[in-house]
Amino acid sequence: MEYRALSNTGEKISVLTLGTWVFSGGGTWGDVPVDQCVKTIYEAIDRGINVIDTAPFYGFGRSEEIVGKAIQPQRKKVLIATKCGLRMANGKIVTDLTPEFIQEEIDNSLLRLKTDYIDLYQCHWPDANTPVERTMKKLAQLQAEGKVRFIGVSNFEPALIEQASKAASVVSLQSQYSMLDRSVEEGALTVCREKGIGFLAYGPLAGGILTGKYTSPPNLKKSDARSFFYQYYQGKKFERVLDLLKELKTMGHPLNQVALNWVKCQQGVTSILVGCRNPEQVEHNVGAADWNLTPEQLGKISAALASLEDME
Ligand SMILES: NC(=O)c1ccc[n+]([C@@H]2O[C@H](COP(=O)([O-])OP(=O)(O)OC[C@H]3O[C@@H](n4cnc5c(N)ncnc54)[C@H](OP(=O)(O)O)[C@@H]3O)[C@@H](O)[C@H]2O)c1
């Protein structure tokens with residue numbers, strides 16, 4: 001496993017982070033039994049992954065509870081990254097980064113995670129109704145109380161990252177980044193690189209499609225993450241991804257590893273958050289961690305990606 005510095009924290013984190021949105025189960029990611037999730041976490045730790053990313057919103061607490069159950073005997077071996085600021089109101093998801101809601105959320109997260117501190121506490125999505133300075137002041141207070149070690153943000157645009165960093169010490173940004181979604185390249189990724197803020201790339205397999213496991217469009221429920229969040233699973237976009245995968249198959253590595261390694265090779269990336277449903281997927285994905293695509297291979301991939309640019 002390769003380890004990289006997380007900003008100025010003094011922590012070295014694994015280049016792969018275990019993503020646990022899939023532990024939500026149910027309508028969002030399908031059936032995933034608790035025992036299987038726990039084994040997945042053990043496999044990740046055994047293979048050198050030292051960061052686990054979760055959120056209260058993943059399965060409305062289910063993911064955090066599973067992480068808490070699994071890591072309790074080996075708490076110090078991993079950094080727990082969780083989040084705040086999403087809630088349901090009248091059946092809709094709303095962002096809420098008010099100090100009051102953050103206080104409520106962190107108390108619940110600590111209980112579910114069976115710990116008295118969170119290593120990386122991240123604002124899940126920006127909240128346009130709460131000044132970011134108010135949010136950051138609250139997070140800095142939690143940090144001073146020892147409940148939070150480091151503060152991170154997620155899905156923030158460059159200007160908001162700058163604003164947040166002026167109000168508190170922000171050590172990381174979490175954003176979507178994969179061969180199929182490169183929107184951060186000209187903005188947030190550059191800002192993080194320049195300011196020495198860690199960059200945690202989520203959705204590196206675009207929900208699994210980049211593993212090449214689908215040869216025809218899957219039949220997904222509307223509530224499935226691949227329907228509402230990663231929108232490459234139907235129609236023309238699906239065909240274009242299959243064309244890309246044909247090119248990626250010539251790289252001499254399994255497709256999942258090519259997709260992960262490509263993100264790893266991009267400047268400024270600190271860790272790649274990959275969702276794993278079972279220990280086998282962990283094992284398969286960790287195979288992407290200890291080598292690099294050659295400059296020639298990266299060039300070929302860039303050319304293939306350029307032809308995808310009009311995919312919208
Ligand atoms: N901050 C945010 O707003 C945000 C948003 C999204 C995600 N995240 C974080 O980032 C993490 C990663 O993103 P993600 O889980 O959404 O997407 P992802 O990592 O691109 O895809 C994960 C899915 O791909 C499939 N998969 C993984 N490895 C595989 C393998 N070796 N072979 C075949 N299939 C494989 C699994 O689903 P199947 O088994 O069902 O195919 C798995 O759940 C999340 O878990 C979460 O922690 C954060």
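Atoms within a ligand are numbered from 1 in the order they appear, just like the ligands themselves. When a residue number appears, it is its place in the shown sequence, counting from 1. Heavy atoms only: backbone and side chains are in, while hydrogens, waters and symmetry mates are out.
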In chain-and-number order, ligand 1 lies under 4.0 Å from a heavy atom of each of Gly19, Thr20, Trp21, Val22, Trp29, Asp53, Tyr58, Lys83, His124, Trp125, Ser154, Asn155, Gln174, Tyr202, Gly203, Pro204, Leu205, Ala206, Gly207, Gly208, Thr211, Lys213, Tyr214, Arg226, Phe229, Tyr230, Asn256, Leu273, Val274, Gly275, Arg277, Gln281, His284, Asn285
Check this for me, if you would: do [X] and [Y] make a salt bridge, where the nitrogen-to-carboxylate-oxygen distance has to be below 4.0 angstrom?
{"X": "Glu100", "Y": "Lys138", "result": "no"}
{"X": "Glu133", "Y": "Lys137", "result": "no"}
{"X": "Asp224", "Y": "Lys221", "result": "no"}

#### Entry: Any donor-acceptor N or O pair under 3.5 Å, side chains Ser24, Ser63
no
When Thr17, Asn155, Asp181 are each screened for side chain to side chain donor-acceptor pair (under 3.5 Å) with Tyr202, the one that passes is Asn155
Across all chains, not counting sequence neighbours, the ring pair (Phe, Tyr, Trp, His ring centres under 6.0 Å) partners of Phe101 are none
